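Just so it is clear, the values below take in all heavy atoms, side chains as well, and ignore hydrogens, waters and symmetry mates. Remember, predicted model here, so these are calculated numbers, not experimental data.
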Amino acid sequence: MKKTVLAAALAAASCLAQAQSSVTIFGIVDAVVTVGRGSISNRTGLDNSGKESSRLGFRGTEDLGGGLYAGFHLEGALNNDNGTGAATNVNNQSNGGALAGLAGGQGFTFGRKMHVQIGGNWGEVRLGRDYTPVYPNQSQFDPMGTNGVGTSQVRSNLGGPTNVRASNSIGYFLPRNIGGFYGQAMYFMGENSSNAANSDDGTGMGIRLGYGAGPFTVAIATQRTEFLTGDIRTSNIGGSYNAGFATFRAMYQVDDIKGGARGKGAVMGANVPLGSHELRGSYGFYERDTAGNPKARKLSLGYVHNLSKRTALYTTVARLRNSGGSSMALNGSSTAPNSSSTGFDFGITQLF
């Protein structure tokens, strides 16, 4: 009888522990055939992350009681076309990328996100490597997302190493369910020696505030990263409206290097769901205020067929036109200044 009671108590404790904490393994594998056409050279290849970023990750949460919780998030990028992992950046500076001599072959890193967090009714604090405040607007309000040949040219900007993510960061997120408002603030460090000329390089801060209610969402963000060669400030604003038959999105961004170049760009378009199908389309531009005002304009059209909740086939075509001396090209091709470039993507993505 005592053994039976003890076994039941242990089973109940085990169930309670499982209810209070959890760990999830997740990922995406996205393979894409890419074609690029330019006035100088063309390229065809098998690449990755044409619609979604290929990744492998682990995340977990633990209920600490009283509305308090703790957790972690470990996520790294995969180059599934060649079997390598993607590099990270350890100090938010140009010299903090792939290890010397091992670019593209340094093995798997948790370069996408790697942080521990603690939160409650007051919000959430994260410590580690995470998305910077300006990046979510680029991702959420671009109809083509941030992957593939169709993504906005705003992604080819002057934002520097912290345009998407920052290492050595301390972040705070507003609590959920506060009348539709949301936001985050972040401080990140370059971790240079205090007696170095570039002691502040890679250090910065940013903030994002937004409001979403019903079919409408809008958000604004700004951040500054310090560099001896000129601080970089990036600011953007975006919004979306779900009209039922389509979701319309738009985003505008300005990048400013103190004492240097200034750039600005925008993207607008829509996502149209049709059962298991989706049509995507966008138009955008990016220009710099350097000599000639180089500018690139791009029109993108895409189609997605969802075979299931986990698997989708997709194709995208984009046409880019340069002016003012700009020579941007698509999918690894090259083109002469003021010439055009065309790109195609044909891919499959699977989530797990």
Looking only at heavy atoms, what is the nearest atom pair of Leu174 and Leu209, with distance?
-> CD1-CD2, 4.4 Å
Taking the side chain from Asn79 and the backbone from Asp81, do they hold a donor-acceptor pair closer than 3.5 Å?
-> no
Main-chain N/O of Arg37 paired with Ser341 side-chain donor or acceptor, under 3.5 Å | yes
Sorted by chain and residue number, the side chain to side chain contact (heavy atoms under 4.5 Å, CB included) partners of Val304 (sequence neighbours excluded) come out as Lys51, Glu278, Arg280, Asn306, Ala312, Tyr314
Partner set under side chain to side chain contact (heavy atoms under 4.5 Å, CB included) for Val116, not counting sequence neighbours = Leu127
Sequence neighbours excluded, the answer for ring pair (Phe, Tyr, Trp, His ring centres under 6.0 Å) partners of His277 is Tyr303, His305
Judged by atom type as modelled, is there a donor-acceptor pair below 3.5 Å linking the side chain of Ser169 to the main-chain atoms of Gly171?
-> no
Quick check: does any side chain N or O of Asn293 sit under 3.5 Å from a backbone N or O of Glu287, one acting as donor and the other as acceptor?
-> no
Would you please say whether a donor-acceptor pair under 3.5 Å links the side chains of Arg129 and Ser167?
-> yes
Can a donor-acceptor pair be found between the side chains of Ser54 and Asn48 at a distance below 3.5 Å?
-> no
Lys113 vs Glu75, salt bridge (charged side-chain N to carboxylate O under 4.0 Å, His left out): CA-CA, chis, key distance, verdict = CA-CA 5 Å; Lys113 296 178 72 176; Glu75 184 177 327; 5.4 Å; no
Would you check if Met251 and Asp142 make a side-chain contact, meaning some heavy-atom pair closer than 4.5 Å?
-> no
Among side-chain atoms of Thr311 and Gln350, is any donor-acceptor pair under 3.5 angstrom?
-> yes
List in chain and number order the residues that pass side chain to side chain contact (heavy atoms under 4.5 Å, CB included) with Ser94, two or more places apart in sequence or in another chain; answer none if no residue qualifies.
-> none
Is a side-chain N or O of Asn236 found less than 3.5 angstrom from the main chain of Ile220, in a donor-acceptor match?
-> no
Residue pairs fulfilling side-chain hydrogen bond (donor to acceptor under 3.5 Å, both in side chains) with at least one residue in residues 171-189, sequence neighbours excluded = none
Side chains of Arg155 and Val164: closer than 4.5 Å at any heavy-atom pair?
-> yes
Between Thr146 and Ser139, is any side-chain donor less than 3.5 angstrom from a side-chain acceptor?
-> no
Donor-acceptor under 3.5 Å (Asn271 side chain, Pro143 main chain) | yes
Can Ser327 and Thr335 be counted as having a side-chain donor-acceptor contact under 3.5 angstrom?
-> no
Which residues share a ring pair (Phe, Tyr, Trp, His ring centres under 6.0 Å) with His73, sequence neighbours left out = Phe26, His115
Would you say the side-chain atoms of Thr162 pair up with the backbone N or O of Asn92, donor to acceptor, closer than 3.5 Å?
-> no
Other than Phe188, what residues sit in its cluster of Ile, Leu, Val, Met, Phe, Trp and Tyr side chains whose heavy atoms are under 4.5 Å apart, directly or through others?
-> Met186
Restricting to pairs with a member in residues 198-237, which pass ring-ring contact (aromatic ring centres under 6.0 Å, His included), not counting sequence neighbours?
-> Phe181-Tyr211
If you measure only the distance, is there a donor-acceptor pair under 3.5 Å linking the side chains of Ser199 and Asn192?
-> no
Is Ser300 reaching over with its side chain to a backbone N or O of Gly150, donor-acceptor style, under 3.5 angstrom?
-> yes
Are Phe58 and Met114 co-members of a hydrophobic cluster defined by side-chain heavy atoms under 4.5 Å apart?
-> yes
Applying side chain to side chain contact (heavy atoms under 4.5 Å, CB included), name anything that partners Asn91, two or more places apart in sequence or on another chain.
-> Asn89, Gln93, Asn95
Sorted by chain and number, sequence neighbours left out, salt bridge (Lys or Arg N to Asp or Glu O under 4.0 Å) with Asp345 holds for none
Under the salt bridge (Lys or Arg N to Asp or Glu O under 4.0 Å) rule, what pairs show up with a residue in residues 289-313, not counting sequence neighbours?
-> none
Taking only residues two or more places apart in sequence, or in another chain, which ones meet Tyr131 in a ring pair (Phe, Tyr, Trp, His ring centres under 6.0 Å)?
-> Tyr135
Donor-acceptor pair, side chain of Thr234 and main chain of Gln223, under 3.5 angstrom | no
Taking Asn322 for its side chain and Met328 for its backbone only, find out whether a donor-acceptor pair lies under 3.5 Å.
-> yes
